[in-house]
There are 2 protein chains.
Amino acid sequence: MDNDVDNSCIVKHFKSYATLDEKDQQLLLSLEEGPRAWPKNTILWHQNDQSDCFYTLSKGWACSFRELKDGTRQVLDIYVPGDIVGLREFSFQKRITSVIMLNDAELCAFPRHHLDHIFSSSLMLCNIMFMITSRDQAILLERLVNLGRRSAREKLAHFLVEISYRLQRTNARVEDHLSLPLSQSVLGDALGLSAVHVSRTFQEFRREGLLKTGNSHLELLDIRGLEAVAGFDAFYLEPPISDSRS
Amino acid sequence: MDNDVDNSCIVKHFKSYATLDEKDQQLLLSLEEGPRAWPKNTILWHQNDQSDCFYTLSKGWACSFRELKDGTRQVLDIYVPGDIVGLREFSFQKRITSVIMLNDAELCAFPRHHLDHIFSSSLMLCNIMFMITSRDQAILLERLVNLGRRSAREKLAHFLVEISYRLQRTNARVEDHLSLPLSQSVLGDALGLSAVHVSRTFQEFRREGLLKTGNSHLELLDIRGLEAVAGFDAFYLEPPISDSRS
DNA sequence: GACAAGAGATAACCTAGGTTATAGGGGCGT
DNA sequence: ACGCCCCTATAACCTAGGTTATCTCTTGTC
């Protein structure tokens with residue numbers, strides 16, 4: 001059962017980019033380790049740790065961050081179920097970020113040296129790897145725009161809408177309403193805002209009926225409304241070109 | 001002469017990551033087009049253009065940016081001689097950024113579909129491709145930290161020091177003093193600052209003997225001093241692991 | 001079930017950096 | 001040689017968002 005192709009985190013993820021033939025699926029499957037539980041707030045790795053594998057997040061949420069000397073923190077990315085964590089650090093011997101669980105989560109490890117098998121035996125998988133990192137970069141670029149040129153209201157709205165789009169990709173059941181396990185300080189640290197100001201801004205959003213706030217947890221009530229606040233354009237999340245080069 | 005491996009932009013770039021055997025060098029060489037001149041301020045491509053190749057910047061400087069509806073601009077990256085431009089957009093059919101020349105420049109095109117040859121015939125080249133995108137991502141991550149959590153002084157100092165490191169990589173002759181073709185408004189747009197505030201901050205830096213300002217052009221006089229202002233740590237530029245997996 | 005620790009709301013106050021305006025200088029096209 | 005435009009400097013003024021401080025409400029722990 002556990003060896004079933006349909007249960008594999010990484011096979012599922014790769015399939016969302018292009019169709020895989022049986023051989024590729026088996027190859028991926030054989031190289032991935034089974035899922036393991038990681039409770040909320042545990043550190044998956046620290047900056048400077050040896051970097052020898054990446055993970056697929058089969059359940060739960062996580063985020064990567066960097067701590068500065070002055071004690072502040074910059075959250076670099078948020079990972080939702082189905083995401084690949086750590087591909088970024090691929091060619092560094094040591095991790096260049098830290099990753100923490102936002103949630104009770106479950107991860108499947110994928111030893112990095114197994115990538116050799118992939119590169120040498122499947123052009124398709126190799127291409128998909130590039131698609132994944134490419135989409136990843138596109139998200140980072142948009143985050144730069146967000147941090148550099150938008151107001152607090154826009155930053156928050158944009159970030160939340162982006163996450164809702166990313167959730168839709170692998171977790172089908174999202175319409176116009178969904179809830180995220182994100183505290184206000186995580187959001188502040190992701191967007192270069194203070195937690196206090198996130199709270200202030202959420203008060204406005206609440207009054208406008210855009211969302212509800214809970215405890216380390218918030219509920220988006222009106223995603224279209226948030227898109228309007230952010231001036232959101234999803235072009236940068238568009239599914240990358242698929243098998244045109246296969 | 002033009003077909004000489006030692007003159008090829010892309011061969012030079014790839015060699016800075018790992019040693020290439022003769023076959024790999026010839027392969028790269030055969031797939032790259034000769035250099036072509038691009039005068040200052042010309043647009044290499046616009047957002048939404050068809051994306052069918054990337055380039056190596058053999059001479060001159062360029063930057064990628066995105067324009068927002070409100071007329072502001074976010075500069076996403078600055079390219080120095082030797083850099084690869086456009087690898088980011090690899091798996092998007094349309095460009096997701098625009099690129100403009102900061103300088104009279106010279107570029108070699110590399111048609112994207114040629115990557116198939118590379119992936120299928122050389123494990124080494126495939127690995128180097130990943131190293132390049134990986135380092136690229138590391139730079140973006142650090143830029144996020146810069147935009148999210150640092151003061152204007154720190155942002156500017158950090159950015160300038162980073163560029164001086166990147167210059168050293170492919171352009172050997174940089175000691176403690178070098179000059180960059182960057183206007184204050186480009187810097188502002190890259191760092192989420194107003195051009196006015198860049199000017200104010202440069203006035204301080206000038207008084208402190210850190211740099212000299214010119215016309216669309218500035219000269220770093222004391223790189224160590226700037227590193228101190230920024231609290232700079234070059235770990236994220238460290239040469240990625242090389243042929244450990246070859 | 002008590003307590004400590006984290007998460008959020010809200011208010012008062014403050015400052016880094018944005019905005020607008022003016023003016024001078026250099027490079028470039030004709 | 002003229003004129004234009006872009007780049008830069010600098011000053012006066014203003015505001016978005018940071019900081020600090022309290023209080024409350026959860027939640028996880030022993």
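Chain A is the first sequence line, chain B the second, and so forth, proteins listed ahead of strands; every chain is numbered from 1. Source: prediction; values computed, not measured.
The side chain to side chain contact (heavy atoms under 4.5 Å, CB included) search around E162(B) returns I139(B), R143(B), H158(B), R166(B), F232(B), Y236(B), L237(B), not counting sequence neighbours.
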Notebook entry, point to check: When every nucleotide of nucleotides 3-9 of chain C is labelled 5' to 3' by its protein contacts under 4.0 Å (heavy atoms), B for base, S for sugar-phosphate only, - for none, what sequence of letters results?
Noted result: ----SSB
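For the pair K212(B) NZ and dA9(D) P, the interatomic distance rounds to 14 Å; values are reported in whole Å. If you measure from atom NE2 of H197(A) to atom C1' of dT15(C), you get 15 Å, rounded to the nearest angstrom. The distance from atom CZ of R149(B) to atom C1' of dG17(D) is 12 Å, rounded to the nearest whole Å. As rounded to whole Å, 18 Å separates atom P of dA16(D) from atom CZ of R150(A). When the P atom of dG28(D) is taken as reference, atom CG of N103(A) falls 12 Å away, rounded to whole Å. If you measure from atom CG of L191(A) to atom C1' of dA16(D), you get 15 Å, rounded to the nearest angstrom. For the pair L156(B) CG and dG17(C) C1', the interatomic distance rounds to 12 Å; values are reported in whole Å. In this structure, L147(B) places its CG atom 13 Å from P of dG17(C), rounding to the nearest Å.
Looking at T97(A) and E89(A), their side chains do bring a donor and an acceptor atom within 3.5 Å of each other.
Listed for the D83(B) side chain is a donor-acceptor partner under 3.5 Å among the backbone atoms of V80(B).
Ion pairing between a basic and an acidic side chain is recognised when a charged N comes within 4.0 Å of a carboxylate O; E142(B) and R66(A) show such pairing. Using a 4.0 Å cut-off between charged nitrogen and carboxylate oxygen, R224(A) and E227(A) count as a salt-bridge pair. Using a 4.0 Å cut-off between a side-chain N of Lys or Arg and a carboxylate O of Asp or Glu, R149(B) and D189(A) qualify as a salt bridge.
Here G188(A) lies out of heavy-atom contact (under 4.0 Å) with every strand.
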